[in-house]
Amino acid sequence: MSDARTLLTQASYLAASIFFILGLKSLTRPDTARRGMQQAAVGMLLAIVGTLIVEEIVEYQWILAGLVLGTIVGWPLGTRVPMTAMPQRIAISHMFGALAASLVGIAEYTHHVGAGAIPRPQMAALGFEVLFGALTVTGSFMAFGKLQEFLPGRPITYRGQNVVNIAAMAGAVGLWLYLIADPTATWAFWAMTALAFVIGVSFVLPIGGADMPVVVSLLNSYAGLAASATGFAIGNTVLIIAGALDGASGFILSIIMSKAMNRSFANVLFGAFGAAPEASG
Amino acid sequence: MLTYVLQLYVFILAGFVGYSIITRVPPLLHTPLMSATNAISAISIVGALVVAGSRYSRLASILGFVAVTCATINVVGGFIITDRMLRMFRREEKPAELPPGEASK
């Protein structure tokens, strides 16, 4: 019985992966794109249904509440948002996606650390997931703020910013490595998570509003990598595949967009550091 | 250990497939592509569902509930808006739709 269930779940994941790849492939031509993405939506539905039957799930009230609330919020975000507001809508939905990945990572960590030791490879994946997830949450929110213009669009800089940012990133990676060495160090986990939230803010603030689409696309890539890391942590292939597709797409697009603006990728990300704000726009 | 190696295989091959497909997407469709990959990244709902339904602890259930909510927003909103965008491409190819990187120039 349980074998049959596992088989069904895995079949749904395989089908979903195929539909996602076909969906992306359909986007290479305008006349096939719409149909292909509808297939990808079917793939998503299959993956959700396939997950609802796994043995680990024993209660459904939280799931049902989340699905209902998410649909109530998501529906107007899909149907009402004007096409001109597309970059900020994509930015805010990266925030939701990354928040989901980080929270799953935090819940998995607290559960496993409570239940005993976490194997090191799993800890590496969980840590990566929370690190990239958390910095994408705040980074996307900053990008959203700049595009929606409730935050100033000009680069916000101060002296020694690049040193602070690089030190913060090095600190977060250091904590991540420490966690791999000692997965039971909960203080390191929370410190890394907090630092990641701060990094998201401090890396996006110095980038000008006109460069935001490149940043949004890069954050798309991070959200994908965080999803992939979730897949590694909980042993789920559809997450690994969809996350890898997303990671590749976001990365390639941000490079293409930088080129379209006659700028190098590094220049967009670090151009505001120490430079006059006129570099953007 | 073998499991992790196999997972790495899957990750690299999927990244390779993604790379070869995405470099062939015309600039006209870059904005829908961003929206589409955003919708697809909502696959993290799969992890969220397990956490929300597993009765690990009260904290995990609540985190799972929030995660399911966030991911569902992306599934529902992401696929609807991608479809809305692609509906505009059906008849003739409209060059009016520029990728966001260009639109801001």
Side-chain angles (χ1 to χ4, degrees), chain A residues 20-21 24-25 27-28 30 33-34 37 41 44 47 51 56-59 62-63 65-67 69-71 73-75 77-79 86-87 90 93 96-97 99-101 103-104 106-107 111 121 210 213 223-224 227-228 230 232 234 237 239-242 244-246 248-249 252 257 260-261, chain B residues 4 7 10-11 14-15 17-19 21-25 29-31 33-38 40-56 60-61 63-83 86 89 93 100-102 104:
Chain A
F20 291 160
I21 292 172
L24 285 182
K25 187 163 179 286
L27 283 174
T28 55
R34 190 171 177 215
M37 283 317 295
M44 183 66 76
T51 306
E56 286 100 317
I57 296 183
V58 288
E59 57 182 14
W62 294 106
I63 291 175
L67 288 175
L69 185 61
T71 308
V73 179
W75 194 271
L77 270 178
T79 54
M86 198 49 58
I90 293 176
S93 58
F96 289 128
L99 189 58
L103 292 180
V104 169
I106 291 171
H111 170 65
S228 236
T230 315
F232 278 96
I234 65 177
T237 32
L239 271 171
I240 298 178
I241 293 170
L245 292 173
D246 197 26
S249 152
I252 295 166
M257 278 185 214
M261 296 193 294
Chain B
Y4 295 108
Q7 287 178 342
V10 171
F11 176 75
V17 169
Y19 179 83
I21 291 176
I22 282 143
T23 45
R24 280 172 42 215
V25 174
L29 289 170
H30 277 175
T31 309
L33 173 65
M34 255 175 109
S35 172
T37 50
N38 178 237
I40 289 174
S41 77
I43 189 68
S44 49
I45 193 170
V46 165
L49 288 171
V50 174
V51 170
S54 288
R55 206 181 281 153
Y56 284 163
S61 296
L63 292 179
F65 157 70
V66 178
V68 170
T69 307
C70 289
T72 309
I73 292 173
N74 275 4
V75 172
V76 175
F79 279 110
I80 291 178
I81 205 152
T82 310
D83 191 61
L86 291 173
F89 289 100
E93 293 185 22
E102 312 243 315
S104 58

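Just so it is clear, the structure is predicted and the values come from calculations on it, not from any experiment.
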Got a second to check how far B:Ile43's CD1 is from A:Ile241's CD1, nearest 0.5 Å?
10.0 Å

Name the region of B:Val51, side chain, backbone, both or neither, that has any atom closer than 4.5 Å to a heavy atom of chain A.
side chain

When rounded to the nearest 0.5 angstrom, what is the spacing between CG in A:Leu27 and CZ in B:Arg24?
11.5 Å

A:Leu99 portion near chain B, given a 4.5 angstrom heavy-atom threshold
side chain

Where is the tightest heavy-atom contact between B:Gly53 and A:Ile63, given as atom of each residue plus distance?
CA-CD1, 3.9 Å

Pick from B:Ala71, B:Ala36, B:Ala67, B:Gly15 with the largest number of heavy-atom pairs that fall under 4.5 Å of chain A
B:Ala67

Part of A:Leu69 lying under 4.5 Å from any heavy atom of chain B
both

Chain A contact via B:Asn38 - which portion, at a heavy-atom distance below 4.5 Å
both

Using non-hydrogen atoms and a 4.5 Å limit, figure out which bit of B:Tyr4 sits close to chain A: side chain, backbone, both or neither.
both

When heavy-atom pairs shorter than 4.5 Å are enumerated against chain A, which of B:Thr82, B:Val10, B:Ile45, B:Leu33 gives the highest number?
B:Leu33

In terms of heavy-atom pairs under 4.5 Å with chain A, the winner among B:Ser44, B:Gly78, B:Gly77 is B:Gly77

Top of A:Phe232, A:Trp75, A:Phe20 for chain B proximity - count of heavy-atom pairs under 4.5 angstrom
A:Phe232

Greatest number of heavy atom pairs closer than 4.5 Å to chain A - which of B:Val66, B:Leu63, B:Val75:
B:Leu63

To the nearest 0.5 Å, what is the distance between NE2 (A:His111) and OG (B:Ser54)?
7.5 Å

Chain B contact via A:Thr28 - side chain, backbone, both or neither, heavy atoms under 4.5 Å
both

Separation between CE (A:Met86) and CD1 (B:Ile81), nearest 0.5 Å, reads 3.5 Å

Is chain B contacted by the side chain of A:Met37, its backbone, both, or neither, given a heavy-atom distance below 4.5 Å?
both

Turns out that what part of A:Thr79 lies under 4.5 Å from chain B's heavy atoms comes down to both

Counting only non-hydrogen atoms closer than 4.5 Å, does A:Ile252 touch chain B with its backbone (N, CA, C, O), its side chain (CB onward), both, or neither?
side chain

The interface call for B:Val50 against chain A, heavy-atom contacts under 4.5 Å, is both

